[in-house]
Amino acid sequence: MTESTTRPPMIVERPGEIAILTLDRPDAMNPLGHKGDGAAIEAICEDLNADLPVRRAILTGAGRAFSVGGDVKAMADSESAFSRGGLITRDHYRNNIHGAARAIHGLDLPLIAAVNAAAIGLSCDVACMADIRIASDRAKFGVTFLKLGLVPGDGGAWLLPRTIGMSRASELFFTGDLIDADTAMAWGLLSRVVVHERLMDEALSLAGRICAQPPHSLRLTKSLLRQGQSAT
């Protein structure tokens, strides 16, 4: 078993009122979706939801990527849930990947995605689960599921059209193309693009301004915004 399959999916630091969540499998460009990732991320998010003094979280990636999404090499293994197909693949999504997605999307406290480099597939969807997205000028985005013979089954088909509109979301899904940070900004995926070396400074500055707000009101306002997205 490789280091990337045994290493926890993320680490958590709490400098004061801000939690920094770092996707932490840098040797493999921070893949997600290994067995146990769902439970690990659920536990982290439950802990943060219960920690009322924490007012803001930042999600970023270690090393050369935000995250490449699913681990393609692991998925191709004959014993993987993807290779075995049918109900096994379905249950892997339900019991693992969907658990992580629900936990991140269900964070009570506001979440900034500080996208430091490539955010592909599942990790692009994870970025869309954040409330605010800022990116390095080196970042790239893509939802390349169809190139692997997969459907976007982890929430992206719901999230991305609500973020950048149906036409642009359809273009990205159907072509598998990657877009750079400036295009992502123009399409409404990002709030801002910053020089790579300044990314975490900008994220921490933004988080600090948000932390000036009352913690309970922050969480309740996030809840109202989320409810408003699906209200009719």
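The chain is numbered in sequence order, starting from 1.
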When you look at L189 and L160, which way does the side chain to side chain contact (heavy atoms under 4.5 Å, CB included) test go after all the steps?
CA-CA 9 Å; L189 184 60; L160 195 59; 4.3 Å; yes
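- Nearest heavy-atom pair across A114 and A203 is CB-CB, 4.1 Å.
- At a threshold of 4.0 Å, the pair R226-D131 counts as salt-bridged, since one of the basic side-chain nitrogens sits closer than that to a carboxylate oxygen.
- M200 and L59 end up in different hydrophobic clusters when Ile, Leu, Val, Met, Phe, Trp and Tyr side chains are linked at under 4.5 Å.
- A 4.5 Å side-chain heavy-atom check between L218 and I210 finds at least one atom pair inside the cut-off.
- Taken together through direct or relayed side-chain contacts under 4.5 Å among Ile, Leu, Val, Met, Phe, Trp and Tyr, L23 and I18 form parts of separate hydrophobic clusters.
- Interatomic distance, CG of L21 versus CG of L48, reported as 6.0 Å (0.5 Å rounding).
- Taking the side chain as every heavy atom from C-beta outward, P9 and D24 never approach each other to under 4.5 Å.
- Annotation: side chain of H34 is not in contact with side chain of N96 (no heavy-atom distance under 4.5 Å).
- Between R55 and Q213 there is no side-chain heavy-atom pair separated by less than 4.5 Å.
- If you take CD on Q227 and CG on L220, they are separated by 9.5 Å, rounding to the nearest 0.5 Å.
- The side-chain heavy atoms of V54 and D51, taken from C-beta on, include a pair separated by under 4.5 Å.
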Let me see the working for T144 and L178 under side chain to side chain contact (heavy atoms under 4.5 Å, CB included), right down to the final yes or no.
CA-CA 8 Å; T144 55; L178 302 184; 4.1 Å; yes
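- With a 4.5 Å cut-off on side-chain heavy atoms, D182 and V193 count as touching.
- Checking side-chain atoms of H98 against main-chain N and O of G155 turns up no donor-acceptor pair under 3.5 Å.
- Contact check for N49 versus L107: side-chain heavy atoms found under the 4.5 Å cut-off.
- Scanning both residues, N116 and G63, for their nearest heavy atoms gives ND2-O, 3.5 Å.
- Note that CG of L146 is 9.0 Å distant from CZ of F173, once rounded to the nearest 0.5 Å.
- Scanning all heavy atoms of the two residues, the minimum distance from P31 to S67 falls at CA-OG, 4.2 Å.
- Proximity of a side-chain donor or acceptor of T183 to a complementary backbone N or O of I179 within less than 3.5 Å is not detected.
- Judged by distance alone, with hydrogens and angles left aside, the side-chain atoms of R25 form no donor-acceptor pair with the main-chain N or O of N30 at under 3.5 Å.
- One distance of note links CD1 of I132 with CZ of R192; it measures 8.0 Å at 0.5 Å rounding.
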Derivation and outcome, side chain to side chain contact (heavy atoms under 4.5 Å, CB included), residues D125 and F145
CA-CA 11 Å; D125 297 339; F145 298 94; 3.4 Å; yes
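- Under 4.0 Å is where a charged nitrogen must lie from a carboxylate oxygen, and between E17 and R56 no such pair does.
- Under the 4.5 Å side-chain heavy-atom criterion for ILVMFWY residues, no single connected hydrophobic cluster contains both M10 and I120.
- A donor-acceptor pair under 3.5 Å links the side-chain atoms of T221 to the main chain of S217, judged by distance alone.
- Separation of atoms CH2 (W158) and CE (M129) is listed at 10.0 Å; rounding is to 0.5 Å.
- S170 has its side chain out of reach of L172: every pair of non-hydrogen atoms, C-beta onward, lies at least 4.5 Å apart.
- When all heavy atoms of L122 and G33 are compared, the pair lying nearest together is CD2-N, 4.5 Å.
- A pairwise comparison of heavy atoms in L111 and K222 identifies N-NZ, 4.2 Å as the closest pair.
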So D180 and R138, salt bridge (Lys or Arg N to Asp or Glu O under 4.0 Å) or not? Walk me through it.
CA-CA 8 Å; D180 62 19; R138 301 179 188 175; over 6 Å; no
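- Of the N and O atoms on the side chains of S223 and R219, not one donor lies less than 3.5 Å from an acceptor on the other residue.
- Of all heavy-atom pairs between R133 and T163, the closest is NH2-CG2, 3.2 Å.
- In this structure a side-chain-to-backbone donor-acceptor pair under 3.5 Å is missing from D37 to L32.
- When the side chains of ILVMFWY residues are joined at heavy-atom separations under 4.5 Å, either directly or via intervening members, V126 and I41 end up in a single hydrophobic cluster.
- With respect to K140 and D177, no salt bridge is recorded, no charged nitrogen being found less than 4.0 Å from a carboxylate O.
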Decide yes or no on side chain to side chain contact (heavy atoms under 4.5 Å, CB included) for L52 and D108, but give the supporting numbers first.
CA-CA 10 Å; L52 293 180; D108 288 343; over 6 Å; no
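- Taking CD of E171 as the reference point, atom CZ of R168 lies at 8.5 Å (rounded to 0.5 Å).
- Residue I20 is not grouped with residue V12 when hydrophobic side chains (ILVMFWY) are merged at heavy-atom distances under 4.5 angstrom, including chains of intermediate members.
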